[in-house]
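Notes to accompany the following structure.
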Protein chains: 2
Amino acid sequence: MSRYDPSAFPPFAVTVDLVVLTVREHALCALLVRRGEPPFQGYWALPGGFVRPDEGLAEAASRELSEETGLRAHPTPGQGADGAVADGVHVVGAQAAGAHLEQLATYGHPQRDPRMRVVSVAHLALAPDLPTPRPGGDASSARWAPAGELIGQNPADGVPLAFDHGRILADGVERARSKIEYSSLATAFCPPEFTVGELRQVYEAVWGVALDPRNFHRKVTGTPGFLVPTGGTTTRQGGRPAQLFKAGGATVLNPPMLRPEA
Amino acid sequence: MSRYDPSAFPPFAVTVDLVVLTVREHALCALLVRRGEPPFQGYWALPGGFVRPDEGLAEAASRELSEETGLRAHPTPGQGADGAVADGVHVVGAQAAGAHLEQLATYGHPQRDPRMRVVSVAHLALAPDLPTPRPGGDASSARWAPAGELIGQNPADGVPLAFDHGRILADGVERARSKIEYSSLATAFCPPEFTVGELRQVYEAVWGVALDPRNFHRKVTGTPGFLVPTGGTTTRQGGRPAQLFKAGGATVLNPPMLRPEA
DNA sequence: AGAATAGTGTCTATGAGACAGTATATA
DNA sequence: TATATACTGTCTCATAGACACTATTCT
């Protein structure tokens, strides 16, 4: 059988879906949009859309992220799976806050969309706390939803997400939880300058655990390349003034920040 | 803009490509097939093919693996991204040897195939040493190639692979190298029963390093759930008879097997 | 003063790695 | 006997986690 028979290949629609995560009020939250048309009309879904004929996958994800959150994207001219195994793309917004974008996984069950064969290349975006969703200016059609309520064990917590987006979201959250252990990605949830306490609150929100502030401080400042002091201090957390840091050059943490056992 | 407009979605071809890895003669090897037609005629490429209209992605990958290696696949009726974040599929062959199959990443650069827009969902398969490639019975059109020669730093090592398959292979090898650190996947390279020394040779081949046999033995037998003794012994390695083990139930290793530093 | 957060020091348990030494097979 | 591999014991160093203690702000 010929590997590519241009006259008879089965046609697919290809989309990108986005798991956009942020930390708001000590909770890990995901961006959801409300569907205005069938199927799953009125259900909450992940933002996403078609890949255009002349754009790459990461480019499409970056464009969708920009359309949904206002983050100006820094598109990648690279190959196909940008950030799938190597690291991801860095996205810059108006607030000069960094966001991280990487490919998550691809979902292609034949019946995942009731109308046609759709293969969705899901991407994971980690962003600092954004002002408020502004998807097309319609405030009621987008929201930040606490991730814990959406991927909880009991499905009685509320209406499930459209399509297989609940599964995609759960995969994205697990990827984020696991990846901040051995990479410096937790800083993608922080503003450009942040304190050790603020970074600790990110870890606590993403993992849903309480960490010892003193051991966390010693560990995070002792990992080479993770944090670089900016020289400034702040008292926005109350108490004694805290040093301000920015993300260092290291992408992989050595030693890693290990998640506490179950 | 409507999220799905059935009348006007850009059509894509969707394929699966396979990074099939095994350990042969103390080296990590990848399965390659020779292309018989343009483009890249005569070049070596990863095995793969179209996703059929009514099969899922993991199902297609499993079918291709079976067609190329003779491993009887155990298809997964699950969702889309089987094994992308959660763990992968187990494939059973005639030798009753286990193989592992998981989604790797998706490659969709607009010009990655010169003829049309093709999105390829790459999968990673880890298999024990197989008799010999039998792709369609044509022995000269398939081979096991040492991975080190294909992803070496100097591209003068030989002719590159077709399409972006060199990049896909490099991503797959790096995934395998990283994943055997914190999972029990290294046993997928072994026959059903194996010795600690054989498992150590797998780690050494995949990582390309030498490990201390004594520390390795203590560590691997001390990690709960990794290995289960079968009671038998063997002298096929020479020297004192070694205990035979099979893979235990654990999928995640605690503590992990850490790769030596650079 | 009291409370809150920042940051340091110290102790203990655990694991990684180096390596001596014993056990049991084959040539 | 020589040699190869299997396996155990022990030592040292690094890191994780518990927690006492000091520092500096605000109310």
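Residue numbers start from 1 in every chain, and the chains themselves are labelled A, B, ... in the order their sequence lines are given, proteins ahead of strands. Predicted model, so just to flag it, every value in this text is computed and none were measured.
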query: Separation of Phe216(B) atom CZ from dT5(D) atom C1', in whole Å?
result: 15 Å

- prompt: Of Asn254(B), Thr221(B), Leu199(B), which meets side-chain contact (heavy atoms from CB on, under 4.5 Å) against Phe226(B)?
  reply: Leu199(B)

- prompt: Can you tell me if Ser62(B) uses its side chain to pair, donor with acceptor, with the backbone of Ala58(B) under 3.5 Å?
  reply: no

- request: Verify ring pair (Phe, Tyr, Trp, His ring centres under 6.0 Å) between Phe245(B) and Phe194(B), making sure each step is shown before the conclusion.
  value: CA-CA 5 Å; Phe245(B) 294 87; Phe194(B) 52 90; 7.2 Å; no

Check: Tyr107(B)/Asp171(B) side-chain N/O donor and acceptor closer than 3.5 Å: yes

task: Answer yes or no: does a side-chain N or O of His217(B) lie under 4.0 Å from OP1 or OP2 of dC7(D)?
output: yes

- prompt: What do the steps show when you test Arg177(B) against Glu204(B) for salt bridge (charged side-chain N to carboxylate O under 4.0 Å, His left out), and what is the final call?
  reply: CA-CA 10 Å; Arg177(B) 283 179 174 159; Glu204(B) 290 178 332; over 6 Å; no

- prompt: Which of residues 230-248 of chain A have a heavy atom under 4.0 Å from DNA chain C?
  reply: Gln237(A), Gly238(A), Gly239(A), Arg240(A), Pro241(A), Ala242(A), Gln243(A)

- prompt: Between dT5(C) atom P and Leu211(A) atom CG, what is the distance in whole Å?
  reply: 15 Å

- request: For the pair Lys246(A) and Glu193(A), find out whether any cationic side-chain nitrogen is under 4.0 Å from an anionic carboxylate oxygen.
  value: no

- prompt: Contacts to DNA chain C from residues 201-210 of chain B, heavy-atom cutoff under 4.0 Å, which residues?
  reply: none

statement: Each nucleotide of nucleotides 12-17 of chain C classed B (base within 4.0 Å of a protein heavy atom), S (only sugar-phosphate) or -, in 5' to 3' order, makes ----SB

field: Arg214(A) vs dC21(D): side-chain N/O to OP1/OP2 distance below 4.0 Å
entry: no

field: Minimum side-chain heavy-atom gap Trp44(B)-Leu150(B) below 4.5 Å
entry: no

field: Thr69(A) side chain vs Leu65(A) backbone, donor-acceptor pair below 3.5 Å
entry: yes

